[in-house]
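Before any comments, here is the structure.
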Amino acid sequence: MADETPIEGVLTTMAVESLFPRLEPLLPAVQKPIQYVGGELNSTVKDWDSTEVRWALMYPDAYEVGLPNQGVQILYEVLNERDWILAERTYSVWPDMEKVLRDNAIPQFTVDGHRPVGAFDVLGVSFATELGYTNLLTALDLAGIPLEARERTDEHPIVLAGGHSAFNPEPIADFLDAAVLGDGEEVVLAISEVIREWKAEGSPGGRDELLFRLAVSGGVYVPKFYDVDYLPDGRIKRVAPNRSGVPWQVVKHTLMDLDKWPYPKQPLVPLAETVHERFSVEIFRGCTRGCRFCQAGMITRPVRERNISTIGEMVQKGVEASGFEEVGLLSLSSADHSEIGDVAKGLADRYDGSNVSLSLPSTRVDAFNVTLANELSRNGRRSGLTFAPEGGSERMRKVINKMVSEDDLIRTVATAYANGWRQVKLYFMCGLPTETDEDVLAIADLAQRVIATGREVSGRNDIRCTVSIGGFVPKPHTPFQWAAQESWENVDARLSKLRAAIRSDRKYGKAIGLRYHDGQPSVVEGLLSRGDRRVGRVIRAVWADGGRFDGWSEHFSYDRWVKACEEALAGEPVDLDWYTTRERGEAEVLPWDHLDAGLDREWLWEDWQDSLDEVEVEDCRWTPCFDCGVCPQMGTEIQVGPTGQKMLPIVGVSQARQADLLAPAGSRDSG
Ligand code: SF4
């Protein structure tokens, strides 16, 4: 059992005082103490008493992963721009700090004002991955907030989940008061207004009334207002509201004009080392390429582009405000922006000869992507280029709707190697629906052809290709939501065969790097992705057994999850396999059917059938609408250019700063 020294009661005495005086003397005892100190450039600490609504925003992973998270940074800024709202950040503390906090009865704290999380009105947690669920429980427990929502009183914050995993929050429904689906910018303000009004009225009806007001707004899911009934075989019979006025379906939020919301304007600059040290500008939201495995692409539709002028302005101001020397152009498929050529050229011209380097997470497999990368890397090293064919064989790529032929890929890598790139990274998945050993072994053939082509066009022998493989996990709101997940044993066996095929190739094998993880964490991710409320018991059991940081291989224990499933689901007609390797039928009620991502369920089913027939679907940006349902259902539309605008030269930058930006690399004063 984890050490669960109770710390409830601390909050009542500590109120909203800064905990830093108690924390500071203890910091030398923990690893990387700087991550708990706060005070980053562009961070904010407001006066507590002069604000009306207070949010603690959490990314449920360590500071080094959580700080760069765009979603949290955007909401932090959007909320703090209102003078009546206060927002502070909190991250998961490492196990050594958890022990220090428990030993000293110090609660979970924010890194900004070092205020106790339990004192805020809302604890908003952004889940990019389900493997952060046990970290939520640690934070709640450390904060003195009861783990189960039904045990909370008016003294406790509203615990609210967002992020992609919130599109099926059922496995953590018992621990949440509420969840929101989709873009957060507008809804956090709407929620703040509801809380402000309710407080101004003297908090009538307490916590229950506040949650009810949020639920009837239609845009906030409050799990306790929905009952789930099960069939004797374990499937869900029905999910229905248990309060009149609460909607049957909760819909996602879609921000329709990204140019009006150019956040982050003041990017946070980390104090400790983090996974990304760059300023990222999101150039569009949504994706309509229709890759059937991709939950992000499905749930963020329709495509909404930021225009070239806004992008130019955001880059300029963000670099000015932060001093970052790397700018990333972020989206689900950045080369698809209708004016990406002009964006890349405009930025490359602007920062030519300066210390600012530009990058594009390049996954689209075509030669144009290489042209863009050439443009953006004018200033920097030409190290590696990344492409994502995802499936090894042509057949597999048809199943997943990744419309890339082997010849496309070879043409693309030939262009890359001919342009002086020495390293190409290729992303694939293993365990996809209908996959066979042959489909995975085709990755080896492809990699060998890549090296052969690269040697031929570059005339060099030192080129490399790295093959990186992730385990496929079927996700809610995708055509594969009905698919059986492959067992980890089969995934591992296929990957072993692939490794043997690459290693045994004496001509090309040494030029091919292979990176993959074993299949067990994917099974747990599968359980948490498509689970229902019964899985909450498993999460709690894992946490009580010491489960923390499940996204980190050094902390993850598959055996702990298996044991917890056996114990927590004993007596139920369901088990780990039932949730993961079982194919679902069309009529089965899925745990997230009452949560509306805008996609038409019939369209998703047809797309799943098309997948099995290896039928591909085009992108609706360039072909007629194929009726996925999002636009009519949500009252939205695709927003793409071209606008015909060109990126403007730098304006409003101080002369000294401009001279600094334009100084040759290495000439800037590091002091
Ligand atoms: S409704 Fe039509 S236009 Fe809108 S995202 Fe779906 S397929 Fe594209």
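One-based numbering, in listed order, for ligands and for the atoms of each.
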*Among protein heavy atoms, which lies nearest atom 8 (Fe) of ligand 1, and at what distance?*
Cys620 SG, 2.2 Å
_Side chains of Tyr221 and Glu170, donor plus acceptor under 3.5 Å_ = yes
*Name the closest protein heavy atom to atom 2 (Fe) of ligand 1, giving the residue it belongs to and the distance to 0.1 Å.*
Cys625 SG, 2.4 Å
*Just wondering, more than 12 heavy atoms not from His253 lying within 6.0 Å of its NE2?*
yes
*Is it true that Arg494 and Glu435 make a salt bridge, defined as a side-chain N closer than 4.0 Å to a carboxylate O?*
yes
*Can you pull out the closest protein heavy atom to atom 6 (Fe) of ligand 1? Residue, atom name and distance to 0.1 Å, please.*
Cys628 SG, 2.3 Å
*Atoms of ligand 1 less than 4.0 Å from Gly629 heavy atoms?*
1 (S)
*Examine Cys631 and say whether one of its N/O/S atoms is closer to atom 6 (Fe) of ligand 1 than 2.8 Å.*
no
*asked:* Taking the basic N atoms (NZ, or NE/NH1/NH2) and the acidic carboxylate oxygens, is any pair closer than 4.0 Å for Glu326 and Arg278?
replied: yes
*Can a donor-acceptor pair be found between the side chains of Asp183 and Thr254 at a distance below 3.5 Å?*
no
